[in-house]
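What follows is one structure encoded as structure tokens, with my remarks underneath.
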Amino acid sequence: MLIARTIAELRAAVREARARGRPIGFVPTMGALHEGHLSLVDRARERGAWVVLSIYVNPLQFGPAEDFQRYPRDFEGDCRLAEGRGVECVFAPSDAEMVPLPPAVTVVPRALADCLCGRHRPGHFEGVLTVVAKLFHIVEPDIAVFGQKDFHQSVLVRRMVRDLNFPIEIDVAPILRDSDGLARSSRNRYLGPDDRRAARSLSRALAAVVLAFRGGERRAERLRAEAQRVLASAVGVRTEYVEIVHPETLEAAERAAPEDVCAIAAHLGSARLIDNVILGAPDAGLVRLLVPGAEAAR
Ligand code: PAF
């Protein structure tokens, strides 16, 4: 596996792979890799792609009071995992390589970034889209794989690609969960044992919403109340938002439809966790929570 530290090295490697007829697959990450990231690599490989995985903790997407300094970093561990999963190239640029000057030109999303996470993390998605656009120009992938776990991010990346005509297919992979339902996240490393237990309330809240939806409830307010009830019963969980939105416009639903997404953000100790579910098509890990008694058995 090649480790490219500079844009020039990365471009030369991609050029060579493309000359050999391989489509280029791209998995952008901030490192601290876990099985969720590796499932994105699998998706790119299933398409026969030569896979580039970037590891860059992007300072542009963290607010001043956020966890940029202590964001988990484990470059050697990440490289081992990436190589074990068949990544051909890790792109790990320095700040000087990626953002040599404070940017004078950025990608600024419009109203689509004003809800959900965007409402609570001002400037976050400008930082994300700016760095994703730069990475897209550097890697020039045919396909890029993102996770449904970062639902709001995936919607904005799709819109950026469509609105700004990037010739890239965006694939969004389902959420991967631990056996107790907790969505895999690099930030789960912040959770102590008590918080780890309480963190299950996010997926349980989503399971309660799906059960109510399957039972015929369509009033979004009632469905949201279901989630809030479960979150409120978990010790130490401070709910930031529970919303039910259209999967593309992100408009809040009054009456929920199968394609709508219920999205949650909550704070637990020093961790901010997010999770979501497509009401009519829950991911496999969430479906496991819907089986009566499955949760109690853990
Ligand atoms: O999802 C992430 O890890 C980051 O937001 C991304 C897409 C790598 C941009 O920094």
Side-chain angles (χ1 to χ4, degrees), residues 4 7 10 25-41 43-44 51-63 66-75 77-79 81-82 85 87 89-95 97-99 103 106-109 112-113 116-118 120-141 143-161 164 166 168-176 183-190 263 265 271-276:
I7 294 169
L10 185 275
F26 180 41
V27 178
T29 82
M30 298 202 299
L33 299 184
H34 49 74
E35 203 49 42
H37 294 113
L38 300 176
S39 72
L40 310 184
V41 171
R43 299 235 339 170
V51 178
V52 178
L53 178 139
S54 65
I55 298 176
Y56 180 62
V57 184
N58 167 28
L60 303 178
Q61 71 188 72
F62 288 81
E66 292 185 349
D67 55 344
F68 173 68
Q69 293 300 343
R70 69 185 190 110
Y71 194 84
R73 290 162 171 89
D74 175 13
F75 185 66
D78 286 348
C79 285
L81 288 174
R85 212 53 168 250
V87 167
C89 177
V90 162
F91 177 48
S94 63
D95 284 338
E97 185 74 0
M98 270 310 272
V99 194
T106 59
V107 179
V108 185
L112 209 50
L116 303 179
C117 292
H120 299 273
R121 302 185 71 187
H124 169 66
F125 286 119
E126 177 181 357
V128 169
L129 294 183
T130 299
V131 93
V132 169
K134 284 165 71 72
L135 288 166
F136 282 175
H137 285 308
I138 293 165
V139 178
E140 296 187 328
I143 173 168
V145 191
F146 290 79
Q148 168 75 13
K149 161 123 181 326
D150 294 302
F151 163 63
H152 197 176
Q153 168 173 284
S154 70
V155 171
L156 286 163
V157 168
R158 274 192 199 285
R159 275 312 289 262
M160 176 180 79
V161 162
L164 302 183
F166 284 82
I168 298 171
E169 178 188 335
I170 302 298
D171 181 36
V172 177
I175 294 176
L176 212 79
R184 294 286 177 100
S185 164
S186 302
R187 287 186 167 101
N188 291 351
R189 296 182 192 202
Y190 297 152
R272 179 180 182 275
L273 302 179
I274 54 174
D275 201 350
N276 69 84

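Just so you know, ligand 1 is whichever comes first in the structure, and atom 1 is the first atom listed for that ligand. Computed from a prediction, not measured in an experiment: that's the story for all the values here. Scope of the values below: all heavy atoms of this structure, side chains included, with no hydrogens, waters or symmetry mates.
Taking the ring axis of Tyr190 as reference, the NZ or CZ atom of Arg70 stays within 45° of it and closer than 6.0 Å to the ring centre. Relative to the ring axis of Phe166, Arg159 does not place its NZ or CZ within 45° and under 6.0 Å from the centre.
For Phe26, there are no ring pair (Phe, Tyr, Trp, His ring centres under 6.0 Å) partners two or more places apart in sequence or in a different chain.
Atoms CG and CG, on Leu81 and Asp74 in that order, are 8.0 Å from each other to the nearest 0.5 Å.
Contacts with ligand 1 closer than 4.0 Å are made by backbone heavy atoms (N, CA, C, O) of Thr29 only, the side chain lying farther away.
For atom 10 (O) of ligand 1, the nearest protein heavy atom (residue, atom name, distance) is Gln61 OE1, 2.6 Å.
Counting the atoms of ligand 1 from 1 in the order shown, those under 4.0 Å from a heavy atom of Asn58 are 10 (O). The Gln153 neighbourhood of ligand 1 comprises atoms 1 (O), 2 (C), 4 (C), 5 (O), 7 (C), with distances under 4.0 Å to a heavy atom of that residue. Residue Val131 approaches ligand 1 through these ligand atoms, each under 4.0 Å from one of its heavy atoms: 9 (C), 10 (O).
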Please set out all donor-acceptor pairs under 3.5 angstrom arising from side-chain atoms of residues 128-141, sequence neighbours excluded.
unit_1	atom_1	unit_2	atom_2	d
Thr130	OG1	Val107	N	3.0
Thr130	OG1	Glu126	O	2.6
Lys134	NZ	Met98	O	2.9

